[in-house]
Amino acid sequence: MPCIEIKNLNFTYSKKTPYEKRALKDINLTVDEGEFIGLVGATGSGKSTLIQHLNGLIKVQDKKQSSVAVNGMSATDKKTLKRLRFEVGLVFQYPEYQLFGDTVAKDVAFGPKNMKLEADEVDRRVRRALEVVGLEYDKFAERSPFDLSGGEKRRVAIAGVIAMQPRVLVLDEPVAGLDPVGRSEILALIKKLQKEISPTVITVSHNMDDMAAMADRIIALKDGEIVADGSPKRVFCNRRLIAEAGLDLPAATRITDTLKARGIDLPSDIVTMDELARELEKLRKRGLLKAERSAESDYFGKAQQDDLSELSGEDDDV
């Protein structure tokens, strides 16, 4: 069942000025409830402009020709716009910079209070949101958000969004600036949020590895237009399209292409490291990697060869 419907959406910044720039061109898009969308594209491709239309932060310019609707609520109808904004939770890049409350609890409660909920319900939602993002209420509720670590601040910012219990969660570069541990924790949290709070997730990211592993569907933008829309395999295995869109291939796909060029028989549609590991293990068990030892070693060197051995789960030389 569609939860997001966008028709003929165009948007131009600084219209009728020397700085006029068309950011979106004839966007037609339907997103079903329960989908995990990876929205990708080079800088300036229109990703942020598109997602800000979903809850009316950027208004539809031509209401006669274009429309944006979420769960039947139109972003151009003043009667439904406020309710729509609670339906779409938007987490900006570096959301911790938007914290403002004296305490964590007050910050997280801001959205539910604006929904005019009863005090008991606001408190329940604050407790639940902090629990879901992995912050113990009794430990964090009365602390200043500005005294927290970077990862904790980001969790508080996300808690403030999910406390409104949006059916659609939109995240703009959610792991930007995080160290590897923090990045892994936030990615795991996003999957948890999809399962427990917001069934439909749209994530804007420049990290193709994350999107290949997590997304059900990849939508790629270039110069304000949708140039690809499909499964991670369908999109990322179109090498020419990815190059023309100014994007990187997932690391697993790049490694696969390199090994295939060296004569190792691997499928061309590998997009995640897990898939690559499984295929290498199949070849190892069939004894087909032994003959390729010199080719791999020549290209990767011993350290990288060891990484491939670890990836395929073997302890001995290939």
Side-chain angles (χ1 to χ4, degrees), residues 4-31 37-70 73-82 84-100 154 157 160-161 166 168-178 201-208 210-211 215 217-229 235 238 240-248:
I4 297 173
E5 294 181 281
I6 299 173
K7 296 179 181 178
N8 305 318
L9 181 62
N10 293 276
F11 187 82
T12 302
Y13 286 104
S14 304
K15 257 188 171 183
K16 299 180 181 180
T17 76
Y19 304 101
E20 180 172 304
K21 176 178 172 55
R22 195 171 183 187
L24 296 176
K25 304 174 185 177
D26 300 321
I27 299 294
N28 288 277
L29 180 63
T30 299
V31 176
I37 303 294
L39 185 61
V40 302
T43 301
S45 61
K47 304 184 300 297
S48 294
T49 303
L50 176 57
I51 63 173
Q52 289 181 56
H53 273 87
L54 295 179
N55 67 352
L57 281 180
I58 294 180
K59 298 186 182 301
V60 175
Q61 287 181 327
D62 187 347
K63 297 180 182 179
K64 293 182 179 179
Q65 299 294 326
S66 306
S67 65
V68 176
V70 179
M73 294 176 285
S74 172
T76 61
D77 186 344
K78 292 181 179 179
K79 295 178 181 178
T80 61
L81 181 57
K82 186 174 183 179
L84 180 149
R85 284 177 170 160
F86 295 134
E87 195 82 356
V88 180
L90 182 55
V91 180
F92 290 99
Q93 188 174 2
Y94 300 109
E96 58 270 23
Y97 293 165
Q98 298 162 337
L99 299 174
F100 59 88
R154 190 160 301 187
V161 172
V168 179
L169 182 62
V170 183
L171 305 107
D172 191 355
E173 298 287 354
V175 297
L178 295 179
V201 174
I202 300 175
T203 298
V204 175
S205 180
H206 283 94
N207 191 307
M208 301 303 107
D210 294 341
M211 294 300 92
R217 178 179 169 195
I218 301 294
I219 297 172
L221 295 181
K222 180 184 179 183
D223 298 330
E225 297 181 273
I226 295 176
V227 294
D229 183 352
V235 173
N238 188 333
R240 180 178 177 180
L241 182 150
I242 291 297
E244 290 177 349
L247 299 172
D248 292 326

ask   = According to the salt bridge (Lys or Arg N to Asp or Glu O under 4.0 Å) rule, which pairs have a member within residues 40-49, sequence neighbours left out?
value =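 The answer is none; no pair qualifies.
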
key: Where at least one partner belongs to residues 88-97, residue pairs that pass salt bridge (Lys or Arg N to Asp or Glu O under 4.0 Å), sequence neighbours excluded   =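 Only E96-R154 qualify under salt bridge (Lys or Arg N to Asp or Glu O under 4.0 Å).
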
Show the nearest heavy-atom pair for residues [X] and [Y], with the distance to one decimal.
X    : Y    : answer
I226 : N28  : CD1-O, 3.9 Å
V204 : P174 : O-CD, 3.7 Å
G89  : V161 : CA-CG1, 3.4 Å
I37  : A215 : C-CB, 4.4 Å
V70  : E87  : CG1-CG, 4.2 Å
K222 : V227 : CB-CG1, 3.8 Å

ask   = Would I4 and I202 satisfy side chain to side chain contact (heavy atoms under 4.5 Å, CB included), going step by step from the backbone distance to the final call?
value = CA-CA 11 Å; I4 297 173; I202 300 175; 3.7 Å; yes

Side-chain contact test, heavy atoms from C-beta onward, threshold under 4.5 Å: evaluate it for [X] versus [Y] and give yes or no.
X    : Y    : answer
P166 : V88  : no
L50  : L221 : yes
K7   : S66  : no
V235 : I242 : yes
L90  : L54  : no

key: Summary of side chain to side chain donor-acceptor pair (under 3.5 Å) pairs that have at least one residue in residues 49-62, sequence neighbours excluded   =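 Counting only pairs at least two positions apart or across chains, the side chain to side chain donor-acceptor pair (under 3.5 Å) contacts touching residues 49-62 are Y13-T49.
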
Could you give the distance from [atom1] ([X]) to [atom2] ([Y]), rounded to the nearest 0.5 Å?
X    : Y    : atom1 : atom2 : result
L57  : S48  : CG    : OG    : 11.5 Å
D210 : E173 : CG    : CD    : 9.5 Å
E225 : I27  : CD    : CD1   : 7.5 Å

Short side-chain to backbone donor-acceptor contact, R85 and G56, under 3.5 Å =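 Side chain of R85 to backbone of G56, a donor-acceptor pair under 3.5 Å: yes, one is there.
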
key: Donor-acceptor under 3.5 Å (T203 side chain, L171 main chain)   =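 Such a contact is absent between T203 side chain and L171 backbone.
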
With sequence neighbours excluded, tell me which residues meet salt bridge (Lys or Arg N to Asp or Glu O under 4.0 Å) with [X].
X    : result
D172 : none
E5   : none
D229 : R217

ask   = Would N10 and D26 satisfy side chain to side chain contact (heavy atoms under 4.5 Å, CB included), going step by step from the backbone distance to the final call?
value = CA-CA 5 Å; N10 293 276; D26 300 321; 3.2 Å; yes

ask   = Does CD belonging to Q98 count more than 12 external heavy atoms closer than 6.0 Å?
value =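 Atom CD in Q98 is packed in, count exceeds 12.
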
